[in-house]
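One structure is given here, and the rest of the page talks about it.
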Amino acid sequence: KQEVTQIPAALSVPEGENLVLNCSFTDSAIYNLQWFRQDPGKGLTSLLLIQSSQREQTSGRLNASLDKSSGRSTLYIAASQPGDSATYLCAVGTTGSEKLVFGKGMKLTVNP
Amino acid sequence: EPEVTQTPSHQVTQMGQEVILRCVPISNHLYFYWYRQILGQKVEFLVSFYNNEISEKSEIFDDQFSVERPDGSNFTLKIRSTKLEDSAMYFCASSDRGNEQYFGPGTRLTVT
């Protein structure tokens, strides 16, 4: 059974810092991994999708990497801004299943 | 940019009542999903739907739940006899060829 873990659960940083958010998963037989952003009381906004054959994906200040063999993904946020404050969720699509399995998320606060 | 929409945004119902949550997936997508998030907990998969039938469901998706695509645009989740523990945010998602999933803003269901 796929389990997804995100540590730490919360992070508070000053504006301008470069950040690394971690995600680990137990079953390396994945077909993709998605990073989402969730604002309080809101839906999930897809940030990046990494296919199992890829090592990384970039979008603007965001860069996500994937290491299937070690069961890890990282989301790198460059030059953080207060508007980046949100909960970041990692979700894994496992081979043979259509569902995404989510981590509990990491609540990020970027202070001006 | 195309997006998934959900109605209502908030639904309050009494225990034992039936509710129908509605979703309009992105128009050219073929795969549809329902997830839920109980307050403070992980996003959990409920069901996936493709080619007018359920393709996968979780243990949560028992006989009190059903899904339907009544026409070419809507996708609904029905809860037959609501329980207090059904209170959660319910998210609809859709994808093209079962790949990147796009989520709607959610319906907050409160069962009293």
Side-chain angles (χ1 to χ4, degrees), chain A residues 1-7 9-10 23-27 30-54 57-60 62 64 66 73 75 86-107, chain B residues 1-7 9-10 21 23-26 29-51 53-61 67 88-110:
Chain A
K1 179 184 171 187
Q2 181 71 271
E3 297 282 348
V4 179
T5 303
Q6 293 182 251
I7 295 173
C23 171
S24 62
F25 47 93
T26 54
D27 185 351
I30 69 170
Y31 64 84
N32 64 22
L33 184 146
Q34 271 185 264
W35 281 94
F36 293 88
R37 169 185 173 137
Q38 184 175 31
D39 292 287
K42 303 293 184 182
L44 308 177
T45 300
S46 181
L47 298 173
L48 287 166
L49 169 75
I50 309 181
Q51 302 287 1
S52 61
S53 58
Q54 297 174 319
Q57 278 286 355
T58 298
S59 175
L62 304 179
L66 174 64
S73 175
L75 178 67
T87 296
Y88 290 82
L89 301 169
C90 170
V92 173
T94 305
T95 302
S97 172
E98 298 181 23
K99 66 185 177 189
L100 288 176
V101 177
F102 282 80
K104 201 168 181 184
M106 195 212 75
K107 183 176 180 180
Chain B
E1 184 175 327
E3 58 183 17
V4 177
T5 59
Q6 291 185 243
T7 55
S9 57
H10 190 190
L21 310 183
C23 168
V24 179
I26 294 173
H29 284 184
L30 302 176
Y31 296 80
F32 314 116
Y33 313 85
W34 284 101
Y35 293 80
R36 78 174 185 189
Q37 186 178 32
I38 295 171
L39 189 63
Q41 298 189 23
K42 293 184 179 184
V43 176
E44 304 172 287
F45 169 79
L46 293 177
V47 65
S48 59
F49 191 86
Y50 170 72
N51 200 25
E53 61 182 22
I54 291 173
S55 47
E56 187 175 351
K57 61 182 181 179
S58 72
E59 296 170 350
I60 303 167
F61 194 87
V67 290
M89 183 77 97
Y90 287 80
F91 294 109
C92 173
S94 69
S95 71
D96 178 21
R97 291 172 290 160
N99 211 347
E100 184 171 8
Q101 295 186 24
Y102 294 86
F103 282 68
T107 293
R108 180 166 298 283
L109 177 65
T110 302

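Note on naming: letters A, B, ... go to the chains in the order of the sequence lines (proteins, then strands), and numbering restarts at 1 for each one.
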Name all residues meeting the salt bridge (Lys or Arg N to Asp or Glu O under 4.0 Å) criterion together with B:Arg108; count only those two or more places apart in sequence or in a different chain, and write none if there are none. none
Closest non-hydrogen atom pair between B:Met89 and A:Gly41, with its separation: CE-O, 3.5 Å
Name the region of B:Gln41, side chain, backbone, both or neither, that has any atom closer than 4.5 Å to a heavy atom of chain A. backbone
Just wondering, are more than 12 heavy atoms of other shown residues or ligands nearer than 6.0 Å to NZ in A:Lys107? no
What part of A:Val101 gets within 4.5 angstrom of chain B, counting heavy atoms only: side chain, backbone, both, or neither? neither
Taking the side chain as everything from C-beta on, heavy atoms only, tell me whether B:Asn99 gets closer than 4.5 Å to A:Gln51. yes
Taking side chain as C-beta onward, heavy atoms only, is A:Ser46 less than 4.5 Å from B:Glu100? yes
Testing the basics here: between B:Ser55 and A:Glu98, what is the closest heavy-atom pair and its distance to 0.1 Å? OG-OE1, 2.8 Å
Sorted by chain and number, sequence neighbours left out, salt bridge (Lys or Arg N to Asp or Glu O under 4.0 Å) with A:Asp27 holds for none
B:Pro105, B:Gly106, B:Ala93, B:Ser9: which one forms the most heavy-atom pairs within less than 4.5 Å of chain A? B:Pro105
Chain B contact via A:Thr45 - which portion, at a heavy-atom distance below 4.5 Å: neither
Using side-chain heavy atoms (C-beta onward) and a distance below 4.5 Å, is B:Tyr35 in contact with A:Leu100? yes
Has B:Tyr102 got more than 12 heavy atoms of other residues, nucleotides or ligands less than 6.0 Å from its OH? no
Donor-acceptor pair, A:Lys99 side chain versus B:Ser58 backbone, under 3.5 Å? no
NZ-CD distance between B:Lys42 and A:Glu3, expressed to the nearest 0.5 angstrom: 5.5 Å
A:Gln34 (side chain) donor-acceptor with B:Gln101 (main chain) under 3.5 angstrom: yes
